[in-house]
Amino acid sequence: MPRRPLSDEALHLIDAVRHALQAQDNVEEKTMFGCHVFMVNGKLCLGVEGDELLVRLPPATHAAVAETPGVRPLSSKGLMDGYFYISPAAYATRAQWQHWIDAALAYNPLAKASPRRKPKRKSSTPSSATRHSVFDED
């Protein structure tokens with residue numbers, strides 16, 4: 001199933017995040033859980049979903065940040081402490097925007113990187129085309 005095209009708001013927000021990260025080394029963009037994310041030094045740092053900014057902050061600050069107007073946790077089940085969606089109202093001013101960018105970048109060196117998944121290994125069982133039967137004549 002093809003992905004839906006991104007809205008103009010999402011494209012503008014992605015460009016704004018890209019611009020905010022231009023001085024950073026080792027930035028990679030990818031799509032994860034329906035979000036356009038920015039990995040900094042191999043760790044999720046920021047992202048965009050629709051018109052919301054995704055930020056990764058210290059898990060220890062989760063409860064306090066969750067109380068901020070215009071901010072909602074990524075997961076309501078407490079499985080993703082430190083990950084938040086920031087609504088446009090909470091990043092509307094230059095100072096608000098810079099606060100979220102700076103906070104995510106400040107936490108990034110301390111954040112744990114997710115372990116890389118090992119690529120699936122090919123089966124060592126020979127295919128039927130190369131398998132020999134005891135009934136095959138040599």
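These numbers come from a predicted model, not from an experiment. Every heavy atom of this structure was used, including side-chain atoms; hydrogens, water molecules and symmetry mates were not.
With a 4.5 Å cut-off on side-chain heavy atoms, Met39 and Val37 count as touching. With contacts defined as side-chain heavy-atom distances shorter than 4.5 Å, the pair His99/Gln96 does not qualify.
Taken from NE2 in His12 to CG in Asp51, the straight-line distance is 12.5 Å, to the nearest 0.5 Å.
Under a 4.5 Å side-chain heavy-atom cut-off, the cluster of Ile, Leu, Val, Met, Phe, Trp and Tyr residues that includes Ile14 is completed by Leu6, Leu11, Leu13, Val17, Leu21, Val27, Phe38, Val40, Leu46, Val48, Leu53, Val55, Leu57, Val65, Val71, Phe84, Ile86, Tyr91, Trp97, Trp100, Ile101, Leu105.
Residues Pro109 and Lys43 share a closest heavy-atom pair of O-NZ, 3.5 Å. When all heavy atoms are compared, the tightest approach of Gly70 to Ala90 is O-CB, 3.8 Å. In plain terms, the two heavy atoms of Ala66 and Pro73 that are nearest each other are CB-CG, 4.3 Å.
Residues Tyr83 and Tyr107 do not share a hydrophobic cluster, clusters being chains of Ile/Leu/Val/Met/Phe/Trp/Tyr side chains in contact below 4.5 Å.
Tyr85 pairs with exactly one of Glu52, Arg72, Glu49 by the side-chain hydrogen bond (donor to acceptor under 3.5 Å, both in side chains) rule, that one being Glu49.
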